[in-house]
Every structure is written in structure tokens, then in C-alpha cells.
Protein chains: 2
Amino acid sequence: MNSILATAIETVSSGGHNGALVLSRHAAHPENRSETGSVFYDRTIFMDSDILEGCMGDRAKHPVRTTEKSLEIVATLNRLGKARVTTLADELAMGKSAVHNHLSTLEEHGYVIKDEDTKTYRLSLKFLDIGGQIRSEIDVYKVAEPKVEELATESGELVHLVVEEDGMGVYLSRSKGERAVDLDTYVGCKHHMHSTAFGKAILAHLPQERVGEIVDQHGLPEVTPRTITSRDELFEELERTRDRGFAVDDEERLEGLRCIAAPIRFDSDIIGAISISGPTARIDDTWENNEFVDQLCRAANVIELNKYKV
Amino acid sequence: MNSILATAIETVSSGGHNGALVLSRHAAHPENRSETGSVFYDRTIFMDSDILEGCMGDRAKHPVRTTEKSLEIVATLNRLGKARVTTLADELAMGKSAVHNHLSTLEEHGYVIKDEDTKTYRLSLKFLDIGGQIRSEIDVYKVAEPKVEELATESGELVHLVVEEDGMGVYLSRSKGERAVDLDTYVGCKHHMHSTAFGKAILAHLPQERVGEIVDQHGLPEVTPRTITSRDELFEELERTRDRGFAVDDEERLEGLRCIAAPIRFDSDIIGAISISGPTARIDDTWENNEFVDQLCRAANVIELNKYKV
DNA sequence: GCTAGTTGTTCTCCATATCAGAATGAATTC
DNA sequence: GAATTCATTCTGATATGGAGAACAACTAGC
């Protein structure tokens with residue numbers, strides 16, 4: 001699809017930041033981005049969030065530039081948390097009046113909140129509102145949501161419900177059991193598929209060519225030394241995953257973390273996955289008579305059987 | 001602030017739809033909206049969501065009309081769930097090419113997903129992503145989130161964590177206990193303050209003039225026969241709430257539902273509320289030696305004491 | 001397989017909306 | 001109270017958005 005970009009990702013990520021997930025909001029801001037907005041990034045430092053932004057959708061033939069400016073402001077506001085007009089104007093190399101016009105428009109429509117005292121702007125919870133509405137209409141969410149909490153209680157570990165969107169895994173639910181580790185995931189956050197158990201559970205049941213597309217689009221960035229970074233290796237692993245019936249992430253995403261995930265299928269269509277994450281110390285890697293595996297697969301089964309309840 | 005609008009709301013809402021919360025997504029679409037976009041609504045039928053949209057922020061002096069078009073498309077897409085180019089063009093009285101340009105721009109930036117097979121567009125989970133990030137940085141959420149689940153387990157009922165934004169209550173967390181009723185609330189959804197326990201818990205600790213502003217802005221729509229609809233009545237109720245230490249909603253929002261809420265204050269600043277909702281049959285309205293009240297107030301206290309853990 | 005009807009996408013050109021820059025106003029600091 | 005900083009408003013040159021037309025890709029009917 002966009003092989004230049006895919007290559008760029010691999011180049012960057014292999015030399016880049018390994019280990020723990022980083023919430024992009026807190027990352028240092030990149031000074032050196034291209035001016036035009038229609039060209040890709042021309043310097044060296046890449047952020048995960050920027051790469052993702054660049055990857056999304058196909059290039060629009062007739063982009064609405066004004067809307068893009070607004071979206072840039074939204075993205076920057078999201079990165080900075082809160083900001084003043086001048087800060088944003090400097091950051092985006094725009095005039096203050098332009099920034100002001102965009103901000104007041106976004107504010108009028110409820111997407112941005114202005115603090116009159118400090119004269120700062122921030123994104124509003126309208127995003128959570130819209131996001132919540134979208135989520136609440138996803139079938140698998142309606143069916144699986146109660147099961148996620150149950151499974152968390154039962155296993156005592158961290159449980160996630162995930163769906164695929166645009167080649168990335170998106171967390172729809174998150175529930176912590178008694179002893180759960182505290183990962184920096186949040187509802188709505190995205191993660192690459194190849195380096196996670198849930199991702200592999202989903203990929204394993206997607207058509208081969210779609211998997212290829214996803215790899216083309218997002219690459220196979222190395223997150224820990226054990227992350228799968230080659231195409232062939234990935235396809236072999238997906239084969240093993242299909243045979244096994246569930247997917248495994250053995251410190252491929254975060255050192256010290258092991259994770260198992262079961263696919264959720266409605267009528268042979270893969271529509272998501274449910275996963276249990278915990279420290280390697282507690283989640284044993286012998287998969288026969290493994291209590292967590294039993295709990296997980298039972299939960300996935302119940303969810304699949306409940307599909308008609310929607 | 002905008003008293004014409006406030007009056008309009010009261011007029012509409014008092015004669016309007018009572019009873020259960022309605023997810024605006026599923027509401028019938030209003031045919032008769034003004035053409036220009038810069039004027040308010042000129043006909044009779046109002047939707048809740050439209051009213052909220054109109055209420056937000058102050059009128060921008062120099063609105064960016066192109067951005068407004070994009071936002072209109074987003075709003076319509078949110079209302080319809082999914083739609084084709086032609087549908088949106090008809091709905092919004094725009095040319096197909098214009099709609100297409102906006103959609104592909106939004107898609108390129110990941111806000112909209114296009115289904116190539118059915119040629120339909122829908123909003124993406126990016127909204128949930130951004131919303132999730134915003135939520136995860138709210139102090140009270142970080143502290144209170146675990147307590148919400150605990151309180152749900154302890155009480156067995158439906159528990160919410162709420163903050164105020166732009167004069168409305170926004171649900172940040174939601175957890176169902178064993179016997180919990182299934183309200184149509186979702187994380188991120190908004191609700192008027194005057195007709196809910198959490199809203200009154202917050203209003204009771206906000207400066208009087210701010211309460212006045214909020215009432216001006218959003219009115220006091222009647223949701224059930226017991227909803228408070230007069231300003232004086234509201235101020236008396238807030239007085240009682242302050243004395244009592246927690247707020248009560250006795251079928252003021254939904255018939256058959258009773259709800260109690262405790263304010264959460266960090267250094268005398270009101271920053272949110274936590275609430276328990278259940279059927280009138282289970283939540284007794286004698287507040288002395290009431291088990292739910294004890295559980296609720298204890299939880300609120302612990303949250304307030306944990307504020308420095310952020 | 002051909003034709004007619006739909007719908008998505010691209011292209012062109014001009015009315016118009018956008019935004020830089022200047023001017024104003026409000027708030028804070030020294 | 002002068003100086004500084006910043007948000008906001010105003011104005012005009014010009015970049016750009018979008019209507020409408022043309023094209024492309026599909027589907028349905030015969």
C-alpha cells in the first residue's frame with residue numbers, strides 16, 4: 001500500500017524506543033516536523049503517535065486543508081494536554097488569529113474547553129462521549145463487556161477486550177482482578193497486533209492477504225527483544241496459534257509480562273479477542289492443564305454463544 | 001449568557017419527551033434545521049443533542065466554516081451510525097463532492113473508517129482513544145476509579161463517577177454490582193445536573209453564581225414529574241444537600257429509580273461526585289442508618305484522602 | 001451482453017472563506 | 001504608571017472549498 005512508509009517504520013522502530021508502552025501525551029514534543037503538512041516527516045525523531053497518524057487511511061485526493069488545520073490543533077492539544085493560543089501558534093507555525101478562530105470554533109461545538117481564568121484550552125470529554133457511543137453500539141462489546149469483569153475477578157489478573165480497527169488493536173474493555181499488574185493501557189488505546197497475544201489471536205483468523213496488508217501498513221516494530229519482527233516468523237506463529245486455539249505473548253510486548261488471548265468469532269468471522277495479562281512469575285508457560293487458559297477459553301466460548309442475545 | 005436560548009430550552013423541554021434517557025444516536029433525524037449553519041434552529045422540533053450542541057461555548061466571532069462543515073458531518077455520522085456519501089449529502093444539503101472531500105480528509109486522519117465493500121463511512125474508535133487519554137489524565141479519575149468498582153461490589157448496585165464539564169455532568173466511570181439495574185448510561189455520556197443526585201452533589205458545592213450560570217445555560221428541563229424545575233426549589237434543595245452531606249434523587253430522573261451521591265472535594269474545591277443508583281424498592285428513603293449511605297460516604301472519604309497519591 | 005440507473009470519485013473554476021498582520025484591549029509585572 | 005505579554009478583533013489579499021459536470025465503477029433488468 002505505502003511501502004515507503006512501511007520501510008520508514010521498520011527503520012525507525014528497530015533502532016528506537018524499546019520496552020514499556022509510552023503514553024504519547026507525555027512524550028517530548030518533536031520540534032522538527034515538516035512545514036507544509038502535506039509532506040511526510042523530514043527529520044530524524046519520530047513519535048509513535050505521529051507514525052500512526054501518518055499511516056491512517058489512504059491519502060485523500062482533495063484534502064480539506066482547513067479541516068486538517070483544525071485536526072492538527074486537536075492533535076497538538078491532545079499531546080500538550082492544555083495550551084494557550086500563543087503556544088499553539090508557535091508549535092504549529094500558524095498565526096495567532098488563525099489558531100484563535102479554530103479554537104473558538106471547536107469550543108463552540110463542544111470539542112474544546114476554555115479555562116477563562118488561565119486562558120488555556122484543552123480537549124473536552126465530548127471525545128469520550130462520542131467514543132462511548134460508538135463503543136456501546138459494537139455488538140461484541142455488548143455481549144463481552146460483562147464477561148470481561150467476570151474473568152478478571154475469576155483470574156485475579158488484568159483482562160482486556162480488543163477489536164481490530166485499521167490494522168491496529170483497540171482496547172474496548174479493561175478490568176483489573178485482585179492481583180492484576182498495572183499496565184499503562186486505557187480503554188480506547190491502540191496497539192500493534194504482531195506484538196500482542198490479542199493481536200495474534202485476531203490475525204490468526206483473518207485472511208492471509210489481509211494480514212499481509214496490515215503488515216505492509218504498520219510494519220513489525222520491535223518492542224522487546226522477543227517481538228516477532230519478520231513476516232515469515234509471524235505467519236508460522238499464526239499457524240501455531242490456530243492449532244493451539246489461543247494466542248500467546250511471551251514477553252514480546254513488555255519484559256516480565258506474559259499474556260494469553262482467545263479469539264472471538266461470530267459465524268466464523270473474527271470480530272475480536274479477549275486476553276489475560278500477568279507477570280511471567282504467575283502465568284506459567286506450560287499450556288496443558290493451565291488454569292488461566294481454561295478460564296479464558298471458557299469465557300470466549302460463552303461470549304460466542306451469547307452472540308444472538310444482542 | 002444566552003437567555004433567548006435558555007428560554008427556548010425550557011419551553012421545549014417542559015412540553016417534550018419525559019422519562020427514560022434516550023441515546024441520541026437512535027433518535028429520529030430532524031428534517032427541519034436551518035440552512036446557513038450560523039443561525040439557530042428555526043422550526044419546532046428540537047432534539048436533546050441539538051440543544052446541547054447549540055448551548056456549548058460562546059458564539060465564536062469568527063467561526064471557521066469549513067471546520068464547522070466537518071463537524072456537522074461528524075455529528076451526522078454519529079447520529080446515523082454509518083452512512084454513504086449520498087445519504088450525508090442529502091441529509092446536510094451539501095454537494096456530494098464536498099461531503100466526499102470532508103470524509104476522505106477525516107478518514108486520512110483516522111477519525112472516520114470507510115468500509116470499502118459497502119461504501120459506507122462511520123466514526124472510528126479514535127474518539128474513544130482521545131477520550132480515554134483525556135480521562136486518564138483527570139486526577140479524580142485516577143484516584144476514584146478503583147473505588148468505583150469496589151463500591152459496586154460492596155453495594156451490589158450501579159455506581160458512577162461523575163465530573164462537571166460545561167455545566168453538564170459527565171460519567172467517567174461506571175461499574176455494575178451483582179444486582180445492579182441496567183441504566184442506559186455509558187462512560188462519557190452527559191446528563192443535566194439538576195435532575196440527578198450527582199449533579200446536585202456537585203452544584204451544592206459550587207459558588208451560587210456559577211449555579212446560576214449553569215441554570216441559565218442549560219435550563220431545568222423536566223424529566224419526570226418529580227424533577228426540580230424551578231430555580232428557588234433548586235437552591236433550597238442544594239441547601240438541604242449541603243446540610244445532609246450527600247445528595248438524593250428520588251425518581252427525579254427516572255421513575256422507579258432512586259439515587260444517592262456524595263461530593264468529592266480536593267482542598268474544598270468540588271471536583272466530582274460518586275453515586276449509587278438502584279430501584280426504589282431496594283434503596284430506602286430513610287437516610288439514618290442506611291447502609292448504602294454509609295458505604296457511599298466512606299468511599300467518597302477514602303477518595304478525598306487519597307488525593308495526594310496522584 | 002447491453003442499457004439504464006446509482007453511486008463514488010475526480011476535475012475545473014470562481015465566489016468566498018481563511019488567515020497574516022496590524023490594531024485594540026485586557027491583564028500582569030516591574 | 002510604563003512596559004510587557006497575551007487574547008481577541010478587524011481588514012484585505014489570496015488560497016481554497018465546493019457546485020456542477022464529467023467520469024468511473026457497479027448493479028439490475030431484460
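Naming convention: chains lettered A, B, ... in sequence-line order (proteins, then strands); numbering from 1 in each chain. Side chains are part of it too, since the values below use all heavy atoms of this structure and drop only hydrogens, waters and symmetry mates.
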*Where is the tightest heavy-atom contact between I270(B) and I264(B), given as atom of each residue plus distance?*
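That would be CD1-O, 3.6 Å.
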With sugar-phosphate taken as primed atoms, P, OP1 and OP2 and all else as base, the protein-contact string of nucleotides 20-30 of chain C at under 4.0 Å (heavy atoms; B, S, -) is BB---------
[X] [atom1] to [N] [atom2]: how many Å, rounded?
X       : N       : atom1 : atom2 : answer
K114(B) : dT7(C)  : NZ    : P     : 15 Å
H100(A) : dT9(D)  : NE2   : C1'   : 9 Å
L88(B)  : dG18(D) : CG    : C1'   : 16 Å
R84(B)  : dT9(C)  : CZ    : C1'   : 13 Å
E116(B) : dG8(C)  : CD    : P     : 12 Å
L92(A)  : dC19(C) : CG    : P     : 12 Å
E68(A)  : dA15(D) : CD    : P     : 17 Å
E72(B)  : dG18(D) : CD    : C1'   : 14 Å

For the pair [X] and [Y], find out whether any cationic side-chain nitrogen is under 4.0 Å from an anionic carboxylate oxygen.
X       : Y       : value
E137(A) : R135(A) : no
K126(A) : D129(A) : no
R122(A) : E165(B) : yes
E91(B)  : R79(B)  : yes
R84(B)  : D90(B)  : no
R210(B) : E213(B) : yes

For this session: Can you pull out how bent the helix from dG1(C)-dC30(D) to dC30(C)-dG1(D) is, comparing the axes over its first five and last five pairs, to 10°?
Result: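 Inter-axis angle at the termini of the helix from dG1(C)-dC30(D) to dC30(C)-dG1(D): 40°.
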Note to self: Need to verify one output field. Residue with the more 5' nearest nucleotide on DNA chain D, H62(A) or T86(A)?
What the structure shows: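 Looking at DNA chain D, the more 5' nearest nucleotide goes with T86(A).
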Of K61(B) and P63(A), the one whose closest DNA chain D nucleotide lies more 5':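 In this pair, the answer is K61(B).
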With the side chain counted from C-beta on, respond yes when M168(A) and D166(A) share a heavy-atom pair under 4.5 Å apart, and no when they do not.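 M168(A) vs D166(A): side chains apart.
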Nucleotide nearest V85(A) (side chain, heavy atoms from C-beta), chosen from dG17(D), dA7(D), dT9(C):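 Looking only at side-chain atoms, V85(A) lies closest to dA7(D).
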Would the distance check show the side chain of D267(B) and the main-chain N or O of D269(B) forming a donor-acceptor pair, the cut-off being under 3.5 Å?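 No, because the side chain of D267(B) does not come within donor-acceptor range (under 3.5 Å) of the backbone of D269(B).
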Side-chain N,O (Y121(B)) to OP1/OP2 (dT9(C)) below 4.0 Å: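 For Y121(B), the contact criterion (side-chain N or O under 4.0 Å from OP1 or OP2 of dT9(C)) is met.
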